A.B. asks: 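I have a structure I would like to understand better, so I am pasting it below and will then ask my questions one at a time.
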Amino acid sequence: MPKAATKRGGKAEKKRAKKDPNAPKRGLSAYMFFANEQRENVREENPGISFGQVGKTLGERWKALNEKQRLPYEAKAATDKKRYEDEKAAYNAAPDDDDSA
DNA sequence: CTCTTGATTGTTCTT
DNA sequence: AAGAACAATCAAGAG
């Protein structure tokens, strides 16, 4: 095993309570932006499909795209990530408010 | 330093 | 309202 085996073979876990004080939520993922655009397209090509089908079709198409196709999505993901960086920055720079310091 | 895990993000549909 | 498959992610913690 070259690296982390990661038991990512199952399914997503449930949500968990935040442990950080200001919990700097991460930015969105390329998939988020991709879904935003494709969700309409997918539903258009698959009229009347269940959520399960949409979700799966979405994922399959996601990988079906080329790197350049994901570019616009990854680009947005990076842009949103920057948003997160700002939070993280403040989160690290502001463990607790206190002007005096 | 390097790996592991946990937490998070948004969509859609169902109940 | 919230949960669940779908994929990415990436930052912090632990050794």
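Just so we're on the same page: letters track the sequence lines, and every chain starts at 1. Fair warning: this is a prediction, and the values are worked out from it, not measured in the lab.
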A.B. asks: Whole Å only: how far is the CD atom of A:E85 from the P atom of C:dA11?
C.D. replies: 6 Å
A.B. asks: Working to the nearest 0.5 Å, report the span between CD of A:Q69 and CZ of A:R61.
C.D. replies: 11.0 Å
A.B. asks: Select base, sugar-phosphate, or nothing to describe what A:Y84 touches, counting heavy atoms under 4.0 Å on all strands.
C.D. replies: sugar-phosphate
A.B. asks: Could you check whether A:R39 gets within reach of a base, just the sugar-phosphate, or nothing at all, counting any heavy atom under 4.0 Å?
C.D. replies: sugar-phosphate
A.B. asks: Tell me, which of residues 56-68 of chain A have any heavy atom that sits under 4.0 Å from an atom in DNA chain C?
C.D. replies: A:K56, A:G59, A:W62, A:K63
A.B. asks: CD of A:E87 versus P of B:dT8: gap in Å, rounded?
C.D. replies: 12 Å
A.B. asks: Do we see a donor-acceptor contact under 3.5 Å between the side chains of A:N41 and A:E44?
C.D. replies: no
A.B. asks: For A:E37 and C:dA7, what is the distance between atoms CD and P respectively, to the nearest whole Å?
C.D. replies: 19 Å
A.B. asks: Would you tabulate the pairs of protein nitrogen or oxygen atoms and nucleotide nitrogen or oxygen atoms of nucleotides 13-15 of chain B closer than 3.5 angstrom?
C.D. replies:
{"unit_1": "B:dC13", "atom_1": "OP1", "unit_2": "A:R43", "atom_2": "NE", "d": "2.8"}
{"unit_1": "B:dC13", "atom_1": "OP1", "unit_2": "A:R43", "atom_2": "NH2", "d": "2.7"}

A.B. asks: When clusters are formed from ILVMFWY side-chain contacts under 4.5 Å, directly or step by step, what else is grouped with A:M32?
C.D. replies: A:L28, A:Y31, A:F33, A:F34, A:V42, A:I49, A:V54, A:L58, A:W62, A:L65, A:Y73
A.B. asks: Using the closest heavy atom to pick a nucleotide of DNA chain C for each, name whichever of A:K88 or A:S29 lands nearer the 5' end.
C.D. replies: A:S29
A.B. asks: To the side chain of A:R26, which of C:dC6, B:dA7, B:dT11 is closest?
C.D. replies: B:dA7
A.B. asks: Could you state the atom-to-atom distance from NZ of A:K81 to P of C:dA8 in whole Å?
C.D. replies: 17 Å
A.B. asks: Which nucleotide sits closest to the side chain of A:K25: B:dT8, B:dG10, C:dT9?
C.D. replies: B:dT8
A.B. asks: Expressed as a whole number of angstroms, how long is the span from A:Y31:OH to B:dT8:P?
C.D. replies: 20 Å
